[in-house]
Amino acid sequence: MNAIELLTNNHEIVLSLIDELADNIRQIEQTEQDTVDCERMNMFGEFRDTLTQHTRLEERMLYPELEGFSETRLLVDESYREHERIRDILAKMENLRKDRHCDRWDDKIKELRRNLQRHITREEDELFPKAIKLLGEARLESLYLKMKDLQTCSSACV
């Protein structure tokens with residue numbers, strides 16, 4: 001396995017989790033007439049943590065490797081901006097959760113899903129193929145090992 005394969009797998013996991021979170025919200029809304037019990041939104045934490053770990057891997061490991069190439073510089077800059085937009089939406093959702101207004105998550109979930117899908121498509125269709133070409137298999141395998149170490153430390157070192 002290499003870094004691109006790991007990140008692509010992470011994309012699938014993140015999209016699966018956001019769909020599961022949206023389904024969970026719909027189910028809760030159907031059973032609770034007026035309010036949504038935010039404490040039942042425990043899946044949000046898993047989703048947020050998984051997404052945060054994924055963006056950390058990209059920002060600490062992959063993007064710095066690609067920033068020096070003219071072919072990828074603009075894509076990397078845009079990826080950082082997309083991550084920031086995603087973090088902003090997550091923060092708004094967290095604030096709504098803390099204020100016990102999870103019933104207002106519908107628009108945020110849709111906005112987050114759209115932003116994630118756009119970001120993932122750009123990476124997988126444009127950035128990742130260029131990364132494979134520019135970095136080569138040996139470097140991507142080395143990055144994979146570093147990413148696995150960072151993931152392990154993120155889970156165990158907290």
Side-chain angles (χ1 to χ4, degrees), residues 1-31 36-66 72 74-98 101-135 140-141 143-156 158:
M1 181 168 278
N2 68 38
I4 299 301
E5 293 166 343
L6 174 70
L7 295 172
T8 300
N9 288 343
N10 285 353
H11 287 162
E12 292 174 18
I13 291 167
V14 165
L15 289 175
S16 175
L17 285 173
I18 196 169
D19 288 343
E20 195 175 331
L21 179 62
D23 287 343
N24 194 6
I25 291 168
R26 276 192 294 277
Q27 289 173 7
I28 290 170
E29 286 176 342
Q30 289 173 357
T31 60
V36 175
D37 182 357
C38 294
E39 296 309 313
R40 292 179 60 194
M41 299 292 184
N42 57 359
M43 203 192 149
F44 175 71
E46 177 187 354
F47 168 73
R48 180 198 57 227
D49 295 348
T50 300
L51 182 55
T52 299
Q53 184 180 60
H54 172 75
T55 57
R56 185 179 303 129
L57 288 176
E58 288 181 337
E59 291 178 357
R60 289 187 183 171
M61 300 294 206
L62 182 64
Y63 297 169
E65 292 284 329
L66 297 172
T72 52
L74 292 176
L75 288 169
V76 170
D77 288 346
E78 181 59 27
S79 291
Y80 280 120
R81 284 190 294 276
E82 289 169 344
H83 281 187
E84 192 58 38
R85 280 192 294 270
I86 289 166
R87 278 192 284 276
D88 288 346
I89 298 167
L90 283 174
K92 288 174 185 173
M93 290 175 72
E94 181 64 28
N95 287 336
L96 287 171
R97 188 186 67 77
K98 286 178 182 174
H101 292 297
C102 295
D103 53 324
R104 299 182 190 158
W105 270 12
D106 287 340
D107 290 340
K108 293 297 170 208
I109 285 282
K110 289 174 188 170
E111 181 183 3
L112 183 58
R113 180 82 165 75
R114 268 192 319 274
N115 277 275
L116 280 171
Q117 189 60 60
R118 184 177 23 235
H119 173 69
I120 288 169
T121 298
R122 184 184 330 278
E123 281 189 339
E124 291 183 1
D125 291 352
E126 298 177 46
L127 185 64
F128 289 178
K130 290 179 181 183
I132 292 167
K133 179 182 161 205
L134 294 168
L135 299 177
L140 290 172
E141 286 176 10
L143 276 174
Y144 165 76
L145 295 174
K146 290 178 181 179
M147 287 178 176
K148 290 302 286 182
D149 286 345
L150 184 61
Q151 277 184 323
T152 302
C153 185
S154 292
S155 299
V158 175

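This structure is a prediction, so every number in the text was calculated from the model and none was measured.
The minimum heavy-atom distance between E124 and P129, with the atom names listed, is O-CD, 3.4 Å. Considering all non-hydrogen atoms of both residues, L17 and E46 come closest at CD2-OE2, 3.7 Å. When all heavy atoms are compared, the tightest approach of L140 to A131 is CD1-O, 4.3 Å.
With a 4.5 Å cut-off on side-chain heavy atoms, I109 and M93 count as touching. Residues R122 and L127 have side chains not in contact (no heavy-atom distance under 4.5 Å, counting atoms from C-beta outward). Looking only at side-chain heavy atoms (C-beta outward), T55 and L51 come within less than 4.5 Å of each other. Put simply, the side chain of L62 reaches to within 4.5 Å of the side chain of L7, judged on heavy atoms. Looking at L112 and L90, their side chains come closer than 4.5 Å, going by heavy atoms from C-beta outward. L66 is listed as a side-chain neighbour of L135, based on a closest heavy-atom distance under 4.5 Å. Two residues are said to be in side-chain contact when any heavy atoms from C-beta on lie closer than 4.5 Å; N10 and T50 fail this criterion.
Within the 3.5 Å criterion, the main-chain N or O of N2 finds a donor-acceptor partner in the side chain of E5. The backbone N or O of Q117 lies less than 3.5 Å from a partner atom in the side chain of T121, making a donor-acceptor pair.
With sequence neighbours excluded, no residue forms a salt bridge (Lys or Arg N to Asp or Glu O under 4.0 Å) with D88. The ring pair (Phe, Tyr, Trp, His ring centres under 6.0 Å) search around F47 returns none, not counting sequence neighbours. D19 is linked by a side chain to side chain donor-acceptor pair (under 3.5 Å) to R113, counting only residues two or more places apart in sequence or in another chain. Judged as a salt bridge (Lys or Arg N to Asp or Glu O under 4.0 Å), and not counting sequence neighbours, the contacts of E111 are K108. R87 meets the side chain to side chain donor-acceptor pair (under 3.5 Å) test with E59, E84; sequence neighbours excluded. Judged as a side chain to side chain donor-acceptor pair (under 3.5 Å), and not counting sequence neighbours, the contacts of Y63 are E58, H83, E123.
Taken to the nearest 0.5 Å, the CD atom of E20 stands 12.5 Å off from the CG atom of L15. One finds the OH atom of Y144 at 11.5 Å from the CG atom of L57 (value rounded to the nearest 0.5 Å). Taking CZ of R56 as the start and CG of L150 as the end, the distance is 6.5 Å to the nearest 0.5 Å. Atom CZ of R48 and atom CG of L21 lie 11.0 Å apart (nearest 0.5 Å). Taken from CD in E126 to CD in E78, the straight-line distance is 10.0 Å, to the nearest 0.5 Å. For the atom pair CG of N115 and CD1 of I89, the computed distance is 4.0 Å after rounding to the nearest 0.5 Å.
Aromatic ring pairs are classed by plane angle as parallel below 30°, tilted from 30° to 60° and perpendicular above 60°; the pair H11 and H54 is perpendicular.
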query: Do E82 and R118 pass the salt bridge (Lys or Arg N to Asp or Glu O under 4.0 Å) test, and can you show the C-alpha distance, the side-chain angles, and the key distance before you say yes or no?
result: CA-CA 9 Å; E82 289 169 344; R118 184 177 23 235; 5.3 Å; no

field: Residue pair V14, I18: steps toward the side-chain contact (heavy atoms from CB on, under 4.5 Å) verdict
entry: CA-CA 6 Å; V14 165; I18 196 169; 5.6 Å; no

